[in-house]
Every structure is written in structure tokens, then in C-alpha cells.
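For reference, the structure is listed below as C-alpha cells.
This is a predicted model, so every value here is computed, not measured. Position 1 is the first residue of the sequence, and the numbers go up from there.
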Amino acid sequence: MNIFNKTFLFACLPLAWSSVHAANHMVQSGQSLQTTLTNAASGDLVLLQDGFYDEHCVVANKAITIKSISADSDTVQVRSIT
């Protein structure tokens with residue numbers, strides 16, 4: 001491998017790592033959903049345990065997936081998410 005190919009490879013590694021490094025965050029009833037959303041990065045998955053999250057949450061400039069861990073969609077309620 002010549003020097004150009006090695007340099008290109010090492011320059012692209014951080015980009016490749018950042019695009020596949022998504023985290024999962026578990027939130028339990030009683031914990032702050034907003035804190036989790038604030039600390040999450042684009043591409044992360046936020047999983048909500050059953051309960052009522054009495055918060056007005058804001059997500060700005062991020063693409064985050066928020067899901068219930070329960071199959072029953074009525075077991076998780078959030079006041080609002082914008």
C-alpha cells in the first residue's frame with residue numbers, strides 16, 4: 001500500500017466510526033427524559049420503560065429514535081416532545 005492510500009485510509013477512519021457509533025439509552029419512569037434526549041446524539045435510540053413522563057421535552061438539531069420497550073403503545077405517555 002503506498003503512502004497516499006495509507007493517509008486516505010487513516011483520514012477516513014474517524015468518519016466511518018462516527019457514522020456507525022449509535023448508542024442505546026434506557027429511560028425508566030421517574031428519570032428525566034429531557035436529560036437523556038439532551039445527552040443523546042444523532043442516530044441514538046432512546047428506549048422508554050412503561051410509565052408517564054410528565055415533561056415538555058425538546059429535541060433540537062438531532063435525529064433520535066424514541067421507542068417504548070413495551071408492545072402495548074398505551075403503557076408509555078409523554079406530555080410533549082418537540
Applying side-chain hydrogen bond (donor to acceptor under 3.5 Å, both in side chains), name anything that partners [X], two or more places apart in sequence or on another chain.
X	answer
Ser80	His56
Asn39	none
Thr35	Ser32
Ser29	none

Once side-chain contact (heavy atoms from CB on, under 4.5 Å) is applied, do any residues pair with [X], and if so which ones, sequence neighbours excluded?
X	value
Ile69	Met26, Leu47, Gln49
Val59	Leu37, Lys62, Ile64, Ile81
Asn61	none

Taking the side chain as C-beta and beyond, is there a heavy-atom pair between Gln34 and Val58 under 4.5 Å?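 Yes - at least one pair of side-chain heavy atoms lies under 4.5 Å apart.
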Considering non-hydrogen atoms only, spot the tightest contact between [X] and [Y] and give its length.
X	Y	value
Tyr53	Val76	CE1-CG1, 4.0 Å
Thr75	Ser68	OG1-OG, 4.3 Å
Gly43	Ala22	O-CB, 3.2 Å

From Thr65 OG1 over to Asn24 CG, what is the distance, rounded to the nearest 0.5 angstrom?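 Reported to 0.5 Å precision, the distance equals 10.0 Å.
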Can you spot which of Thr36, Leu45, Leu48 makes a side chain to side chain contact (heavy atoms under 4.5 Å, CB included) with Ile66?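 Only match with Ile66 under side chain to side chain contact (heavy atoms under 4.5 Å, CB included): Leu48.
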